[in-house]
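Residue numbers begin at 1 in each chain, while the letters A, B, ... track the order of the sequences. Worth knowing before you read on, the calculation uses all heavy atoms, side chains too, and leaves out hydrogens, waters and symmetry mates.
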Amino acid sequence: METNQFVAIGLVVAILIGVTAVFFAAGDPDGLESTAIVILGEKDLFGPTPEDADPEAVGHEGSFEYEAPMPDYSMGEEGGKMGEVIAVVVGIILALLIVFGVGKAVAASKH
Amino acid sequence: MHIPDNFIPLWQSAIYWVIALIFIALALRWARNELDDEKVPLIAVLAAGIFAIQAFNLPVGMGTTGHLVGGALAAIVLGSPYAAVFVLTLVLLVQAVVFGDGGITTMGANIINMGVIGGFVGFYSYQGILKYAKNPYLSAGIAAWLACFIPALAASVEMALAGTYPLVEGMIAMGVYHAAIGVIEAVITAGAIYLIASARPELMQSSLGATA
């Protein structure tokens with residue numbers, strides 16, 4: 001398969017996975033957050049996660065907090081599913097471009 | 001498995017950043033030696049795919065979801081653990097800076113867990129298992145499971161050092177959840193490697209060996 005074709009098909013597959021993820025992804029917290037909720041005593045190891053559980057409550061006070069422009073892969077509450085689709089597609093393209101750019105720059109530096 | 005900012009005290013985060021930077025420098029050296037104009041677009045699209053599979057929160061039961069890491073996938077496809085460090089570092093950078101997934105101060109720890117530990121465990125366990133299993137897809141699946149499970153245990157040790165999780169409770173919960181998530185990681189990694197090997201067999205000759 002030609003490189004251009006491989007990249008085009010790969011990008012389409014990535015975007016399809018990302019968009020599917022927006023509509024089919026489960027809302028429960030991931031493993032690290034679930035562990036935090038277990039540690040906080042709000043969840044059993046094998047039990048369901050309560051709606052109002054806050055995994056960040058296990059963290060340390062007075063630490064650095066960074067505000068991301070598209071927090072949690074969304075455009076905020078009013079952005080809805082469309083905002084999430086935009087966010088995930090932006091992320092996929094950014095990942096592609098940044099690895100392409102750094103890869104090109106590093107590959108060019110050997111001359 | 002992305003650790004948020006306030007889960008690790010700043011001074012400990014700084015230590016993880018220093019260790020991560022050493023591996024990033026080695027990964028850049030790998031990239032300078034290995035990447036050419038032909039391979040750069042391929043690694044870029046692999047990074048796009050890894051970003052996409054990480055975005056998928058798959059239900060694993062127990063009130064928990066899992067997303068894939070992709071460290072074993074990158075290391076096996078590109079034939080080096082440093083490939084995983086290179087790709088995962090840049091993917092984690094986008095995730096933290098643009099989407100707030102994983103902290104900025106804790107990015108060093110996240111790079112160590114998913115990129116360095118995930119990449120090295122994925123690559124070397126793949127090589128070792130392949131010798132006996134003789135099947136690249138089965139070997140890749142087992143390696144991917146280990147490359148999800150072992151970084152999760154490493155993260156729980158870091159959480160214990162940070163005073164965020166108690167050691168035993170943290171290791172049990174992280175271990176149980178990521179043992180389940182790792183099964184999905186194993187299936188998707190083996191499938192992705194099969195598809196990439198079918199589309200671009202020459203890309204993977206060095207990692208699949210004569211058995212492919």
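- With a 4.5 angstrom heavy-atom cutoff, B:A96 touches chain A only via backbone atoms.
- Highest contact tally toward chain B, considering only A:P48, A:S74, A:G47, is held by A:G47 [criterion: heavy-atom pairs under 4.5 Å].
- Counting only distance, with no hydrogens or angles, the side chain of A:Y66 and the backbone of B:T105 share no donor-acceptor pair below 3.5 Å.
- The residue among A:V89, A:L16, A:N4, A:I17 with the most heavy atom pairs within less than 4.5 Å of chain B is A:I17.
- Side-chain contact between A:T3 and B:R200 is present, with at least one heavy-atom pair separated by less than 4.5 Å.
- B:I50 does not touch chain A: none of its heavy atoms, backbone or side chain, sits under 4.5 Å away.
- At a 4.5 Å heavy-atom cutoff, the contact between A:D44 and chain B is made by backbone atoms alone.
- In this structure, A:D54 places its CG atom where more than 12 heavy-atom neighbours from other residues, nucleotides or ligands lie under 6.0 Å away.
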Show the numbers, then the answer: is there a side chain to side chain contact (heavy atoms under 4.5 Å, CB included) between B:F56 and A:T20? CA-CA 8 Å; B:F56 219 133; A:T20 311; 4.1 Å; yes
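- The nearest pair of heavy atoms linking A:H60 to B:I8 is CD2-N, 4.2 Å.
- The shortest side-chain heavy-atom distance between B:D101 and A:D72 does not fall under the 4.5 Å cut-off.
- Taken from CG in B:L58 to CZ in A:F24, the straight-line distance is 12.0 Å, to the nearest 0.5 Å.
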Show the numbers, then the answer: is there a side chain to side chain contact (heavy atoms under 4.5 Å, CB included) between A:V38 and B:Y165? CA-CA 10 Å; A:V38 171; B:Y165 297 170; over 6 Å; no
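- Here the closest non-hydrogen pair linking A:I98 and B:V94 is CG2-CG2, 3.9 Å.
- Ring pair B:F99/A:Y73 is parallel by interplanar angle, where below 30° counts as parallel and above 60° as perpendicular.
- For the atom pair A:E56 CD and B:D5 CG, the distance stands at 8.5 Å (nearest 0.5 Å).
- Atom CD of B:E169 is separated from atom CG of A:L45 by 9.0 Å, given to the nearest 0.5 angstrom.
- Chain B forms the most heavy-atom pairs under 4.5 Å with one residue out of A:G27, A:G101, A:G91, A:A95, and that residue is A:G91.
- Highest contact tally toward chain A, considering only B:S198, B:A155, B:A162, B:G61, is held by B:A162 [criterion: heavy-atom pairs under 4.5 Å].
- For B:V176, the part sitting under 4.5 Å from any heavy atom of chain A is the side chain, from C-beta outward, and nothing else.
- With a 4.5 Å cut-off on non-hydrogen atoms, A:Q5 does not touch chain B at all.
- Contacts between A:A105 and chain B at a heavy-atom distance below 4.5 Å are absent for every atom of the residue.
- With hydrogens and angles ignored, the 3.5 Å screen pairs a side-chain donor or acceptor of A:T49 with a backbone N or O of B:G63.
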Should B:V45 and A:L96 be marked as a side chain to side chain contact (heavy atoms under 4.5 Å, CB included) after you check the CA-CA gap, both sets of side-chain angles, and the distance that decides it? CA-CA 6 Å; B:V45 79; A:L96 181 94; 4.0 Å; yes
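- For chain A, the nearby parts of B:D37 are the backbone and the side chain; heavy atoms of each come within less than 4.5 Å.
- Residue contact with chain B, scored on non-hydrogen atoms closer than 4.5 Å, is absent for A:V13.
- Within the 4.5 Å cutoff, no side-chain heavy atoms of A:D28 are placed close to those of B:N57.
- Looking at B:E38, both its backbone and its side chain come within 4.5 Å of chain A, counting heavy atoms on both sides.
- In this structure, the separation between CG on B:L195 and CD1 on A:I9 is 11.0 Å, given to the nearest 0.5 Å.
- For the options A:V106, A:V90, A:T35, heavy-atom pairs under 4.5 Å to chain B are most numerous at A:T35.
- Here the CG-CD1 distance, from A:D30 to B:I181, works out to 7.0 Å after rounding to the nearest 0.5 Å.
- In terms of heavy-atom pairs under 4.5 Å with chain A, the best-connected choice from B:I43, B:L46, B:T64, B:L28 is B:T64.
- Contact check for A:F6 versus B:I196: side-chain heavy atoms found under the 4.5 Å cut-off.
- Of all non-hydrogen atoms in B:A48 and A:L11, the two that sit nearest each other are CB-CD1, 4.4 Å.
- Proximity to chain B involves both the backbone and the side chain of A:P29, based on heavy atoms less than 4.5 angstrom apart.
- Heavy-atom distances place both the backbone and the side chain of B:V98 under 4.5 Å from chain A.
- Looking at A:E2, the atoms closer than 4.5 Å to chain B (heavy atoms on both sides) all sit in the backbone: N, CA, C or O.
- Closest of all the heavy-atom pairs between A:G31 and B:Y177 is O-CD1, 3.7 Å.
- By number of non-hydrogen pairs under 4.5 angstrom with chain B, the leading residue of A:P71, A:P55, A:A36 is A:A36.
- Atom CD in B:Q95 sits 11.5 Å away from atom CG in A:L94 (nearest 0.5 Å).
- Looking at every heavy atom in both residues, B:A52 comes nearest to A:G18 through CB-N, 4.1 Å.
- Of the two parts of A:K43, only the side chain, counted from C-beta on, holds a non-hydrogen atom closer than 4.5 Å to a non-hydrogen atom of chain B.
- Only the backbone of B:M1 comes within contact range of chain A, with heavy atoms under 4.5 Å apart.
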Should B:M174 and A:L32 be marked as a side chain to side chain contact (heavy atoms under 4.5 Å, CB included) after you check the CA-CA gap, both sets of side-chain angles, and the distance that decides it? CA-CA 6 Å; B:M174 286 294 278; A:L32 186 98; 3.6 Å; yes
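- Of the residues considered (B:A47, B:G100, B:G103, B:A152), B:A47 shows the highest number of contacts with chain A, using heavy-atom pairs under 4.5 Å.
- For the set A:A14, A:G103, A:S34, the count of heavy-atom pairs under 4.5 angstrom toward chain B peaks at A:S34.
- Residues A:V99 and B:F86 come closest through the heavy atom pair CG1-CE2, 4.0 Å.
- Top candidate by heavy-atom pairs under 4.5 Å with chain A, chosen from B:L42, B:V91, B:V97, B:D36, is B:V97.
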